[in-house]
Amino acid sequence: MKKHLLLTSIILLVTVVSQAQWQPDVRLTNDPAASYTSYNNAWCIAANGDSVHVVWFDNRDGNDEIYYKRSTDGGISWGADVRLTNDPAQSEIPSVAVSGSVVHVVWIDERDGYYQIYYKRSTDGGISWGADVRLTNSTPWSVFPSVAVSGSVVHVVWEDTRDGNREIYYKRSTDGGISWGADTRLTNSSAWSDFPSVAVSGSVVHVVWQDDRDGNFEIYYKRSTDGGSSWSADTRLTNNSAGSFELSVAVSGSVVHVVWDDDRDGNWEIYYKRSTDGGTSWGADVRLTNNSANSWYPSVAVSGSVVHVVWQDDRDGNWEIYYKLSTDGGISWGADVRLTNAPANSEYSFVSVSGSVVHVVWQDTRDGNDEIYYKRDPIGNPVGIDESFLNKNELKFSPNPFSGSTVISLSLTQSQKVSLNIFDVNGRLVTTLADASFEEGDHEITWNAAEVNAGVYFLQFQSAENLKTEKLILTK
């Protein structure tokens, strides 16, 4: 039985892999001093719902201080710069994580005469901030912190020289950053262990770092299955005669994703590795880039089975930011996508996702000095994607591009609740076309767009098992 539904506005669906809609670069800072992101072991951007949080360090005040900026509409508009630190020493290399309305920031600070790890939090989504909290007290220094959070449990890792060589240390708070436990030494070797990165899923904490105990730097891994109370043995993830550096880790459920840069190929390339059993065993190394130039400093984020990687690449004669996507949990990967195109250097990029939006931040010298830049794809994260959908259900639309109206034909193999929503290119909801139960069979939905401005729109189809987005072009 075919049903015809006449609706006043719409948008449509299908695989989002080929529908990347990266929007223009947005300059987040504007001052005559230099503004820097961080290094790839930590994240300078974190997103939750429509709130996006960015941190960096900035010497506009005569010395490096930690700054913060937020967006409450998914990256469309941004608030003012907020100075988080205020002391005559250097405050650098921040990392940010968010859980609900609580934002956690860690950084290194030289106010004590030598670098220590400091922490600050906001409990109202970045509107106001608590006092600085000193997390470490060791000599000569503690550096390169990375923070992750799950509910009220906050996990911090860093590199520490208190033992006479560089080791990885860990600290946690179980009450959302109010109080902190003791420092825990995670590594114990005569070589250097540095640049740790941490990710958490529930009570399972994953830490990766670079280590030269094998005569050259390799990637190592360690996990805790009880929220940081106890830790497994070190696991060596890479094994080659070249160097493996600058790593980043992300986790979704039991699937752990690690990226790094590696010069085993004669030049620096981005490599990837995953575990599908929570870090118990690991798959093979996967080379993500393949060009004669250098690819450095990758950052990874994951949402369900969708994995996002950004890095800097000089294949274009200067450093530019590149992006790559996997929609099947890291099994296969799409093509390299160049995100920046400026005559200056774009470097040290970081990626975060929230809902359907992908957020990327980096530092850029196109303005004559380093500034913080941001870019977003409002439909780049196909949450809940089910590639078997098109084998079980059929979705067509005609015409496209169109003027006035277009017809969406939907064939369902079983009865199910379906929602159809239209979004504009900024990810804002234009209208809801349907939010009801549909019977098995064929259905037609007409978008009468006579009163809608010409432009690009997106139809999002969502059911209990599927979420897909497709582009429609409305002409006048």
Side-chain angles (χ1 to χ4, degrees), residues 38-44 46 55 92-99 104-109 115-121 133-138 141-150 153-163 165-174 177 180-189 191-213 217-237 245-251 256-260 278-279 299-301 350:
S38 191
Y39 300 98
N40 73 305
N41 69 303
W43 281 264
C44 286
V55 290
E92 302 171 328
I93 311 179
S95 177
V96 63
V98 60
S99 177
H104 309 270
V105 178
V106 292
W107 69 94
I108 66 171
D109 203 297
Y115 280 116
Q116 297 293 297
I117 308 301
Y118 272 75
Y119 164 82
K120 199 178 194 87
R121 74 169 186 164
V133 177
R134 181 176 174 179
L135 293 189
T136 60
N137 190 350
S138 67
W141 41 256
S142 304
V143 292
F144 299 119
S146 177
V147 62
V149 60
S150 177
V153 186
V154 190
H155 309 270
V156 178
V157 293
W158 69 93
E159 171 188 327
D160 203 296
T161 59
R162 69 183 74 176
D163 308 297
N165 63 305
R166 303 179 183 186
E167 301 287 356
I168 307 302
Y169 271 76
Y170 164 84
K171 198 179 194 88
R172 72 172 180 174
S173 170
T174 59
W180 291 85
D183 299 354
T184 300
R185 182 176 173 179
L186 295 189
T187 59
N188 192 345
S189 72
W192 283 5
S193 303
D194 52 14
F195 288 102
S197 181
V198 62
V200 60
S201 177
S203 61
V204 186
V205 190
H206 308 272
V207 177
V208 291
W209 68 94
Q210 62 191 46
D211 200 300
D212 71 342
R213 69 182 73 175
F217 275 101
E218 302 284 0
I219 307 302
Y220 271 76
Y221 165 83
K222 200 176 194 88
R223 72 171 181 172
S224 170
T225 59
D226 53 12
S229 296
S230 61
W231 292 85
S232 69
D234 300 352
T235 299
R236 182 176 172 178
L237 295 189
F245 296 94
E246 281 97 37
L247 47 91
S248 178
V249 62
V251 60
V256 190
H257 309 270
V258 178
V259 291
W260 69 95
S299 175
V300 61
F350 300 88

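- In this view, F144 and Y39, F195 satisfy the ring-ring contact (aromatic ring centres under 6.0 Å, His included) rule, not counting sequence neighbours.
- Side chain of S248 to backbone of V300: a donor-acceptor contact under 3.5 angstrom is found.
- Residues L186 and K222 approach most closely at O-NZ, 3.0 Å, considering heavy atoms.
- Residues meeting the salt bridge (Lys or Arg N to Asp or Glu O under 4.0 Å) test with E246, sequence neighbours left out: none.
- Of the inter-residue distances, the one linking D194 atom CG with I168 atom CD1 reads 6.5 Å to the nearest 0.5 angstrom.
- Residues meeting the salt bridge (Lys or Arg N to Asp or Glu O under 4.0 Å) test with R134, sequence neighbours left out: D112.
- Taking S229 as the reference, R172, D226 meet the side-chain contact (heavy atoms from CB on, under 4.5 Å) condition, with sequence neighbours excluded.
- The CZ atom of F350 lies 4.0 Å from the SG atom of C44; values are rounded to the nearest 0.5 Å.
- For T136, the side-chain hydrogen bond (donor to acceptor under 3.5 Å, both in side chains) partners at least two apart in sequence or on another chain are Q116.
- Partners of E92 by salt bridge (Lys or Arg N to Asp or Glu O under 4.0 Å), not counting sequence neighbours: none found.
- In terms of the side-chain hydrogen bond (donor to acceptor under 3.5 Å, both in side chains) criterion, residue partners of D109 (sequence neighbours excluded) are, by chain and number, S91, W107, R111.
- The side-chain contact (heavy atoms from CB on, under 4.5 Å) search around D163 returns N165, E167, Y169, R185, not counting sequence neighbours.
- Every salt bridge (Lys or Arg N to Asp or Glu O under 4.0 Å) that R162 has, sequence neighbours left out, goes to D160, D183.
- Proximity of S197 to S146: side-chain heavy atoms (C-beta onward) are separated by under 4.5 Å at one or more points.
- Under the rule for a ring-ring contact (aromatic ring centres under 6.0 Å, His included), W141 has no partner lying at least two apart in sequence or in another chain.
- Taking every heavy atom of both residues into account, P94 and A42 meet most closely at O-CB, 4.2 Å.
- Between V156 and Y119 there is no side-chain heavy-atom pair separated by less than 4.5 Å.
- Considering only residues two or more places apart in sequence or on other chains, N41 meets the side-chain hydrogen bond (donor to acceptor under 3.5 Å, both in side chains) condition with none of them.
- Residues I117 and I108 have side chains in contact (heavy-atom distance under 4.5 Å, counting atoms from C-beta outward).
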Atom pairs and distances, donor-acceptor, side-chain atoms in residues 200-208, under 3.5 Å, two or more places apart:
{"residue": "S201", "atom": "OG", "partner": "G253", "partner atom": "O", "Å": "3.4"}
{"residue": "S203", "atom": "OG", "partner": "T225", "partner atom": "O", "Å": "3.4"}
{"residue": "H206", "atom": "ND1", "partner": "Y221", "partner atom": "OH", "Å": "2.8"}

